[in-house]
Amino acid sequence: DRTSRLETMAERAFLDRLGGDPELALGARAALDSQSMIVEGLLSNADGSVFIRDAIQGPAARAGELGVKLAELLLALGDEELHGLVAGAS
């Protein structure tokens with residue numbers, strides 16, 4: 001259905017932006033409420049000594065963009081150790 005499709009789109013965009021490294025723990029959860037979507041995400045190193053969590057809200061029609069934007073926000077808040085684990089992080 002539409003709700004599941006949009007929520008999955010946001011979550012996958014978040015995960016795709018951050019890529020994956022065995023030393024990187026990450027997760028995302030999106031929830032659609034009418035035309036608005038909230039995407040929650042977390043990013044951590046493997047031992048949990050660096051842990052960042054945040055959320056973003058916006059129009060459901062921009063689900064993929066919201067996921068990417070949240071990933072970028074968490075990267076901006078992260079430290080050098082996390083940046084080294086994420087492909088394409090600056």
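All of these numbers come straight from a predicted model, not from anything done at the bench.
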Fill in the blank from the handout: The salt bridge (Lys or Arg N to Asp or Glu O under 4.0 Å) partners of Arg29 (sequence neighbours excluded) come to Glu40
Exercise for the section: To the nearest 0.5 Å, tell me how far Glu72 CD sits from Ile56 CD1. Expected result: 10.5 Å
Problem - Ile52 side, atom CD1; Leu75 side, atom CG - distance, nearest 0.5 Å - result: 8.0 Å
Exercise for the section: Determine, using the 4.5 Å side-chain heavy-atom cutoff (strictly less than), whether Leu15 and Val68 are members of one ILVMFWY cluster. Expected result: no
Exercise for the section: Using side chain to side chain donor-acceptor pair (under 3.5 Å) as the criterion, list what pairs up with Thr8, not counting sequence neighbours. Expected result: none
Handout entry: Asn45 side chain vs Leu24 backbone, donor-acceptor pair below 3.5 Å
Key = no
Problem - Shortest non-hydrogen separation from Met37 to Ala63 and the atoms involved - result: SD-CB, 3.9 Å
Practice task
Report yes if some heavy atom in the side chain of Leu70 is under 4.5 Å from a heavy atom in the side chain of Asp54; otherwise report no.
Solution key: yes
Exercise for the section: Keeping the roles fixed (side chain from Ser44, backbone from Val50), state whether a donor-acceptor pair exists under 3.5 Å. Expected result: yes
Handout entry: Pairing residues for Arg2 by the side chain to side chain contact (heavy atoms under 4.5 Å, CB included) criterion, not counting sequence neighbours
Key = Arg5, Leu6, Leu32, Gln35, Ala60
Problem - Asp1: side chain to side chain contact (heavy atoms under 4.5 Å, CB included) partners, not counting sequence neighbours - result: Thr3, Ser4
Exercise for the section: Could you tell me which residues satisfy salt bridge (Lys or Arg N to Asp or Glu O under 4.0 Å) with Arg62, sequence neighbours excluded, listed by chain and number? Expected result: Glu65
Handout entry: ILVMFWY cluster, Ile38 and Met9 together (side-chain gap under 4.5 Å)
Key = no
Practice task
Identify the heavy atoms of Ser36 and Gln57 that sit nearest to each other, and give their distance.
Solution key: OG-NE2, 2.9 Å
Exercise for the section: Would you please name every residue forming a side chain to side chain contact (heavy atoms under 4.5 Å, CB included) with Ala71, sequence neighbours left out? Expected result: Phe14, Arg17, Leu18
